[in-house]
Amino acid sequence: MKPIVVVPTYNEIENLEKIVGLILEQPGGFHILIVDDNSPDGTGRLADDLSSRHPGEVHVLHRPGKEGLGRAYVAGFGQVLKQMPEYDAIIQMDADLSHDPSYLPEFLKMLEKFDCVLGSRYLHGISVVNWDFKRLILSKGASLYVKVITSMPYSDATGGFKAWRREALGAIGLDHLFSNGYLFQIETTYRLYRTRAFSIGEISIVFRDRDLGRSKIDFPIILEAVWGVVRLRLTGR
């Protein structure tokens with residue numbers, strides 16, 4: 001399979017060059033699509049520089065402004081599905097180094113058996129680093145909440161490190177997604193789960209909290225997730 005990694009960015013100039021280098025050095029021939037939301041810190045300019053240094057391997061999609069993680073992924077996924085037919089494995093991951101690129105080959109191998117693969121922090125116990133107890137309880141509670149409300153059997157449907165076969169990603173209806181922030185990860189998995197036509201697997205990952213830059217999670221994003229999960233369960237969309 002030919003893989004591409006979609007990496008949304010907003011003010012990630014401190015992390016971008018390192019994450020790009022780590023992705024490119026993984027075995028499997030991974031290419032990258034950076035989706036930048038007009039970062040005022042110059043992340044977009046750095047992305048263009050990285051693209052010029054790695055022609056054909058690093059692509060850049062510039063968006064006019066910050067609209068949230070979900071909209072950035074929809075734009076990036078849409079570009080791959082509509083304009084990059086050579087890629088049949090699409091992987092999504094954060095730019096802040098909380099997702100370790102060394103897992104990419106394992107994701108790719110699992111896509112030989114599954115249509116979508118979730119990177120789970122809770123598949124074998126708790127695999128997070130540098131979180132305080134409050135954040136751990138919030139995250140673990142969110143995973144349990146999603147499992148109870150949606151009936152999805154997965155240990156971590158809220159995570160953002162995921163891999164898709166092209167056909168599976170195309171089946172979730174990108175143009176109809178309503179979520180934006182934290183909920184986006186749940187909605188995309190739930191839409192695929194409800195089709196009953198595609199298989200979803202999990203691998204265990206270690207999640208490390210960012211060392212540089214600032215988290216983009218805030219109260220409105222959390223609130224969207226709480227109510228959005230109920231909406232998904234009641235309406236399916």
Side-chain angles (χ1 to χ4, degrees), residues 1-10 12 16 19-20 23 28-39 43-44 47 51 56-96 98-99 101 103-104 107-108 110-111 114-119 154 157-195 197-201 216 221 224-225 228 232 236-237:
M1 303 181 77
K2 188 168 183 179
I4 188 166
V5 183
V6 179
V7 182
T9 58
Y10 185 77
E12 292 291 353
L16 183 59
I19 192 73
V20 165
I23 292 171
F30 292 90
H31 290 183
I32 305 166
L33 173 60
I34 301 166
V35 183
D36 186 67
D37 278 2
N38 197 22
S39 300
T43 300
S51 180
E57 296 180 301
V58 177
H59 309 274
V60 183
L61 172 60
H62 292 283
R63 287 165 28 89
K66 183 181 180 183
E67 295 180 312
L69 180 69
R71 297 304 97 193
Y73 267 127
V74 167
F77 290 161
Q79 175 147 320
V80 174
L81 293 177
K82 296 174 183 177
Q83 301 179 30
M84 299 177 167
E86 66 271 27
Y87 299 109
D88 45 17
I90 300 100
I91 302 166
Q92 60 179 89
M93 66 184 299
D94 294 345
D96 61 7
S98 57
H99 296 151
Y103 291 110
L104 290 173
F107 272 106
L108 197 58
M110 286 288 284
L111 280 180
F114 296 97
D115 298 299
C116 177
V117 181
L118 313 180
Y154 314 114
T158 65
F161 201 178
K162 298 158 69 171
W164 304 81
R165 281 181 172 265
R166 185 182 190 91
E167 297 79 7
L169 185 59
I172 65 174
L174 292 175
D175 293 338
H176 302 292
L177 298 176
F178 70 87
S179 57
N180 192 15
Y182 193 63
L183 179 63
F184 179 82
Q185 313 298 358
I186 304 164
E187 184 184 8
T188 50
T189 302
Y190 187 64
R191 282 179 174 268
L192 190 69
Y193 172 74
R194 277 180 57 88
T195 69
F198 296 91
S199 57
I200 302 175
K216 312 301 189 300
I221 289 175
E224 178 200 39
L232 285 173
R237 54 186 176 84

Q) Got a second to check how far E167's CD is from F198's CZ, nearest 0.5 Å? A) 7.5 Å

Q. Has the side chain of H31 got a donor or acceptor atom that lies under 3.5 Å from a matching backbone atom of G56?
A. yes

Q) From C116 SG over to M110 CE, what is the distance, rounded to the nearest 0.5 angstrom? A) 10.5 Å

(Q) Is any side-chain heavy atom of I23 closer than 4.5 Å to one of L104? (A) yes

Q: Keeping to residues at least two apart or across chains, list the salt bridge (charged side-chain N to carboxylate O under 4.0 Å, His left out) pairs with something in residues 28-39.
A: D37-R63

(Q) So R166 and P85, do their side chains get closer than 4.5 Å, heavy atoms only? (A) yes

(Q) Please find the pair of heavy atoms, one from G28 and one from L108, that lie closest to each other, and give the distance. (A) O-CD2, 4.3 Å

Q) Can you find a pair of side-chain heavy atoms, one from R191 and one from L177, that are under 4.5 Å apart? A) yes

(Q) Looking at I186, is its backbone amide N or carbonyl O close enough to the side chain of T189 to form a donor-acceptor pair, meaning the two atoms are under 3.5 Å apart? (A) no

Q: Report the residues that fulfil side-chain contact (heavy atoms from CB on, under 4.5 Å) with Q83, sequence neighbours left out, ordered by chain and then residue number.
A: Q79

Q. Which atom pair, heavy atoms only, marks the closest approach of G160 to H99?
A. C-CE1, 3.6 Å

Q) Where do M93 and P8 come nearest, in terms of heavy atoms and distance? A) O-CD, 3.7 Å

Q.
For a quick test of reading the model, state the closest non-hydrogen atom pair linking A72 to V35 and the distance between them.
A. O-CG1, 3.6 Å

Q: State which residues pass side chain to side chain donor-acceptor pair (under 3.5 Å) with S199; sequence neighbours excluded, sorted by chain then number.
A: D115

Q.
I want to check something: taking the side chain as every heavy atom from C-beta on, are L183 and F178 in contact at a cut-off of under 4.5 Å?
A. yes

Q) Hey, what do you get for OG1 (T43) to CD (E12), rounding to the nearest 0.5 Å? A) 6.5 Å

Q | side chain to side chain donor-acceptor pair (under 3.5 Å) involving Q92 - partner list, sequence neighbours excluded | A | W164, Q185

Q | Residues in ring-ring contact (aromatic ring centres under 6.0 Å, His included) contact with Y73, at least two apart in sequence or another chain | A | F77, F184

Q: Answer whether the closest heavy-atom distance between the side chains of I91 and F30 falls below 4.5 Å.
A: yes

Q) Nearest heavy-atom pair of G78 and L174: which atoms, and what distance? A) N-CD1, 3.9 Å

Q | Contacts of type ring-ring contact (aromatic ring centres under 6.0 Å, His included), residue F107, not counting sequence neighbours | A | F161

Q.
Show, in sequence, the C-alpha distance, side-chain angles and deciding distance for I4 and I32, and conclude whether the side-chain contact (heavy atoms from CB on, under 4.5 Å) test is met.
A. CA-CA 5 Å; I4 188 166; I32 305 166; 5.6 Å; no

Q) When I90 is tested against each of V5, V80, L111 for side chain to side chain contact (heavy atoms under 4.5 Å, CB included), which residue passes? A) V80

Q) In chain order, what residues pass the ring-ring contact (aromatic ring centres under 6.0 Å, His included) check against H59, with sequence neighbours excluded? A) none

Q) Which distance, rounded to the nearest 0.5 Å, do you find between the CG of D94 and the OG1 of T9? A) 11.5 Å

Q) Quick one: does N180's side chain have a donor or acceptor within less than 3.5 Å of a partner on G70's backbone? A) yes

Q: Enter the distance from H176:NE2 to E187:CD here, rounded to the nearest 0.5 Å.
A: 11.0 Å

Q | Any side-chain heavy-atom pair of L33 and L61 under 4.5 Å | A | yes

Q: Considering non-hydrogen atoms only, spot the tightest contact between I200 and F114 and give its length.
A: C-CD2, 3.7 Å

Q.
Evaluate I34 against V58 for side-chain contact (heavy atoms from CB on, under 4.5 Å), listing each step before the verdict.
A. CA-CA 7 Å; I34 301 166; V58 177; 3.8 Å; yes

Q: Could you tell me whether the side chains of T188 and K162 share a donor-acceptor contact shorter than 3.5 Å?
A: yes

